There are 2 protein chains.
Amino acid sequence: MSHLAAPPIAATETRRPGSAERRAMILAVAHELFLDQGFEGTSMSEVAARLGGSKGTLYAYFDSKEALFEALITDNCARMSAQLFEGPEDTGLEQRLLAIARGYIRLVTSDMAVRMIQILAAEARRRPELGRMFYEAGPAVALDRLSAIVAAAIADGTLDADDPRLAAETLLSLARGKLHLKRMLGQIPEPDEATIDACARRAVAQFLRLCRPIAP
Amino acid sequence: MSHLAAPPIAATETRRPGSAERRAMILAVAHELFLDQGFEGTSMSEVAARLGGSKGTLYAYFDSKEALFEALITDNCARMSAQLFEGPEDTGLEQRLLAIARGYIRLVTSDMAVRMIQILAAEARRRPELGRMFYEAGPAVALDRLSAIVAAAIADGTLDADDPRLAAETLLSLARGKLHLKRMLGQIPEPDEATIDACARRAVAQFLRLCRPIAP
DNA sequence: TATGCACCGTACCGTACAGTACGGTCAATC
DNA sequence: GATTGACCGTACTGTACGGTACGGTGCATA
């Protein structure tokens with residue numbers, strides 16, 4: 001009936017039974033199902049079945065369906081940020097812009113991110129903080145990196161713009177293009193690497209035409 | 001048990017009882033509830049209650065919840081297209097571009113469109129054709145109008161670009177900016193007219209810098 | 001006044017799902 | 001060999017919803 005003894009040491013969360021691997025397994029299954037079928041479209045029984053376990057275990061690790069979902073989103077956002085930081089090169093300005101543009105397009109049109117946006121957008125009314133997590137972990141990260149690069153380029157005269165942040169936004173907007181909206185609405189499949197590259201190159205070229213200082 | 005006599009004249013749809021006004025009333029209520037709470041989040045009982053009617057009547061006008069939802073989307077898409085065609089002016093190029101950019105931003109960040117995208121995105125897996133309807137009725141319409149204007153401007157030398165359609169897409173991408181994504185994720189409220197105007201002006205200015213022919 | 005019809009109100013059916021309860025199994029630990 | 005605890009399997013509760021059935025009401029027309 002009542003808890004007689006408190007657990008010896010509280011872990012990062014409330015007292016929980018099992019191993020971190022088990023938790024990761026649950027999250028992996030949840031990832032697969034939630035991203036495929038959405039939040040409402042996925043039942044906890046389904047998660048348990050796919051896990052090869054029982055609902056009891058599920059609820060031992062996560063207090064509710066919502067809690068599991070939020071943990072999943074948190075997890076995925078962390079993964080996203082990490083992915084965006086891949087391959088920071090020490091090359092010229094154009095190459096660095098290209099790398100970021102490519103990474104940004106790749107991320108933002110990937111099946112995972114698109115599904116996340118689709119689901120988070122649908123839940124935006126009830127849980128805007130999840131949308132915020134996504135934005136901070138994805139687009140905001142790209143924007144920060146890009147702003148820094150642009151600011152440096154403005155400082156040494158390679159670029160010309162009033163506001164580095166606004167300029168960075170311009171490049172990302174050009175990079176997204178219509179790809180993103182069409183992806184969100186399920187009108188096109190995940191673009192291949194060639195398409196991503198073409199979009200990134202076009203965006204960077206346009207950006208440079210906008211922000212290259214006119215030769216004096 | 002069986003239908004003995006067919007109705008005298010089939011209306012635009014299958015034989016249906018009541019008036020077009022009644023249908024419109026149902027759609028109005030459905031609009032309010034579906035856009036506010038989403039498809040799964042809205043129950044037919046709720047629609048009937050808000051209507052001040054009964055579920056029986058609801059199902060007399062629409063075969064299923066899905067049918068009602070699709071009718072609503074169709075309805076809203078038609079309204080959207082109409083809205084985009086407001087105020088075609090006979091002014092200079094820049095003013096015409098500005099008008100379209102403003103109309104596009106206003107539409108694509110409006111509460112109605114954002115809610116529609118949020119809901120349609122969530123349903124994109126199961127019913128991509130609804131997403132297509134939205135795209136065709138909104139963004140594609142703006143793109144068509146803009147392409148025509150850009151093509152004409154290229155023809156008479158006012159603009160310089162290889163592909164008018166691609167150029168038009170560039171303008172729309174610049175216009176959307178980050179506003180759209182943040183709106184989708186529920187991070188910012190509907191922008192006011194001043195914000196819309198500022199975004200439109202910036203987008204058009206950048207577009208013209210990209211596509212103005214360099215003086216020979 | 002009688003007939004038909006759109007509509008209301010309500011009760012109902014079948015199903016699906018979140019969350020709980022509980023007995024039993026297996027492995028590690030003591 | 002006994003205890004502990006994570007876990008399974010299953011059954012269960014309560015609730016919500018899509019959709020149907022049906023008797024009754026009020027208005028229109030014949």
Side-chain angles (χ1 to χ4, degrees), chain A residues 1-9 11 13-30 33-34 36-72 123 126-127, chain B residues 1-11 13-30 33-34 37-72 123 126-127:
Chain A
M1 280 295 189
S2 61
H3 299 107
L4 295 177
I9 297 167
E13 292 196 321
T14 56
R15 77 223 115 72
R16 278 288 141 62
S19 57
E21 295 97 48
R22 195 83 176 133
R23 192 186 137 97
M25 279 176 60
I26 296 176
L27 281 175
V29 171
L33 291 180
F34 277 127
D36 190 46
Q37 309 176 336
F39 179 72
E40 309 270 9
T42 303
S43 76
M44 291 296 265
S45 298
E46 208 175 347
V47 175
R50 180 80 129 248
L51 180 68
S54 74
K55 281 208 284 182
T57 306
L58 230 53
Y59 281 94
Y61 282 86
F62 300 95
D63 287 333
S64 66
K65 188 182 181 183
E66 303 241 333
L68 173 56
F69 182 66
E70 289 187 18
L72 169 66
E123 301 284 318
R126 260 177 305 177
R127 284 191 283 272
Chain B
M1 280 293 189
S2 60
H3 299 104
L4 295 178
I9 298 167
E13 291 195 322
T14 57
R15 77 224 113 71
R16 279 285 140 64
S19 56
E21 296 96 48
R22 194 82 176 137
R23 193 186 138 96
M25 281 176 59
I26 296 177
L27 281 175
V29 171
L33 290 180
F34 276 127
Q37 310 175 336
F39 179 71
E40 310 270 8
T42 303
S43 76
M44 291 297 266
S45 299
E46 208 175 347
V47 175
R50 180 80 129 249
L51 180 67
S54 75
K55 281 208 284 181
T57 305
L58 230 51
Y59 280 94
Y61 281 86
F62 299 95
D63 287 333
S64 66
K65 188 183 182 184
E66 303 241 333
L68 172 57
F69 181 65
E70 289 186 19
L72 169 65
E123 302 284 319
R126 261 177 305 176
R127 285 191 284 272

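Sequence lines set the chain letters: A, B, ... in the order given, protein chains first and strands last, and positions in each chain run from 1. Keep in mind the model is a prediction, meaning the values are calculated, not measured.
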Does the cation-pi check pass for A:R126 over A:F39, that is, NZ or CZ under 6.0 Å from the six-membered ring centre and within 45° of its axis?
no
Minimum heavy-atom distance between [X] and [Y], given as atom pair plus value:
| X | Y | answer |
| --- | --- | --- |
| B:L72 | B:A30 | CD2-O, 3.8 Å |
| A:K55 | A:A48 | N-CB, 3.7 Å |
| A:A71 | A:F62 | CB-CE2, 3.7 Å |

Contacts of A:E46 that satisfy salt bridge (charged side-chain N to carboxylate O under 4.0 Å, His left out) - sequence neighbours left out
none
Partner set under salt bridge (charged side-chain N to carboxylate O under 4.0 Å, His left out) for B:R50, not counting sequence neighbours:
B:E32
Interatomic distance, A:L58 CG vs D:dC7 P [rounded to whole Å]
11 Å
C:dC8, OP1 or OP2 - any side-chain N/O from B:R22 closer than 4.0 Å?
yes
Output yes when at least one side-chain N/O atom of B:R23 is less than 4.0 Å from OP1 or OP2 of C:dA6, else no.
no
Do nucleotides 22-27 of chain C as a string where each nucleotide becomes B, S or -: B if the base has a protein heavy atom under 4.0 Å, S if just the sugar-phosphate does, - if no protein is that close.
------
Can you tell which of [options] lies closest to the side chain of [X]?
| X | options | value |
| --- | --- | --- |
| B:K65 | C:dC17, D:dC7, D:dG18 | D:dG18 |
| A:Y61 | D:dC7, D:dG18, C:dC8 | D:dC7 |
| A:T57 | D:dC8, C:dA18, D:dG18 | D:dC8 |
| A:K55 | D:dT20, C:dT20, C:dC7 | C:dT20 |

